[in-house]
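Structure first, commentary second.
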Amino acid sequence: GGSESEEGGEAAGGSEFDLVSPGALTVCSDIPYEPFEYEENGEYVGFDMDLMKEIAAGLDLELSVQDVGFDGLQSGAVLAAGQCDVGASAMTITPDREENLTFADPYYDSLQSLLVPADSDVATLEDLAGKSVGVQQGTTGEQYARDNVPADTEVVAFPSDAELYAALQAGNVAAILQDLPVNLNHTQEGEYTIAAEFETDEQYGFAFPKEGSEALVEAVNTELAELRDNGTYDEIYNTYFEE
Ligand code: ARG
């Protein structure tokens with residue numbers, strides 16, 4: 001936690017915040033999106049989940065996680081409806097999203113990539129001509145695909161990364177356009193490989209409802225800065241990513 005003397009600082013139970021469920025930080029996320037959010041031994045873990053655990057603890061709040069669809073989360077609808085206090089879902093900060101959401105300070109740098117079967121001859125977006133590419137609905141990967149693939153490439157949107165990956169496994173799409181760290185996670189068995197990376201300069205941010213979230217956003221930024229200062233951020237980073 002922060003210093004006790006700080007103006008507008010934390011109170012036990014987070015009483016100065018208007019929380020969805022008093023005493024708890026209610027987090028919405030689209031799970032699984034490994035290594036950011038996934039289930040292991042009946043527990044939600046991953047880079048986002050571990051950061052949220054620390055942030056909730058720093059604010060003297062319980063952590064409550066709800067698994068929701070990504071599209072409604074990124075549009076702002078889920079948070080505007082009051083389902084959660086915060087969205088932690090490897091969500092890229094974009095100007096469009098900032099119209100409906102408030103983001104805390106960036107916490108992770110990312111980029112797009114193309115995942116293909118190891119024996120595929122697809123090496124570039126141009127090679128997708130006449131083929132189909134899978135994306136997750138509402139993501140920056142979907143937007144990047146729609147903006148950049150050849151005119152005769154079919155872009156097929158799936159609600160979740162799991163359905164997207166299943167479509168690649170079934171041979172229903174020739175490739176997946178998705179955030180690099182998540183696509184990389186699907187290369188571990190050697191069946192799939194990263195054909196190309198796209199320097200989209202994305203930054204992930206925790207997302208809040210536009211209305212009435214100022215105090216919570218500020219408190220989360222304070223906690224994030226503290227986690228960076230005290231080495232906890234690096235420790236969590238090294239758990240999920242290679243240095
Ligand atoms: N970073 C991308 C975006 O913001 C994809 C995020 C998808 N996250 C998830 N948990 N499924 O659009």
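Just so you know, ligand 1 is whichever comes first in the structure, and atom 1 is the first atom listed for that ligand.
- To the nearest 0.5 Å, atom CD of residue Gln66 and atom CG of residue Asp85 are 9.5 Å apart.
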For residues 186-193, which side-chain N or O atoms pair as donor and acceptor with protein atoms under 3.5 Å away, sequence neighbours left out?
residue, atom, partner, partner atom, Å
His186, NE2, Asp161, OD2, 2.9
Thr187, OG1, Leu184, O, 2.5
Gln188, NE2, Asn185, OD1, 3.4

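- Between Tyr233 and Tyr237, the two ring planes are parallel [angle under 30°; tilted spans 30° to 60°].
- With respect to Lys53 and Glu43, a salt bridge is recorded, a charged nitrogen being found less than 4.0 Å from a carboxylate O.
- Proximity of Thr124 to Asp127: side-chain heavy atoms (C-beta onward) are separated by under 4.5 Å at one or more points.
- Listed by chain and number, Asp30, Tyr33, Glu37, Phe70, Ser89, Ala90, Met91, Thr92, Arg97, Gln136, Thr139, Thr140, Asp179, Tyr204 each place a non-hydrogen atom less than 4.0 angstrom from ligand 1.
- Side-chain atoms of Tyr144 and Gln178 form no donor-acceptor pair, as typed in the model, at a separation below 3.5 Å.
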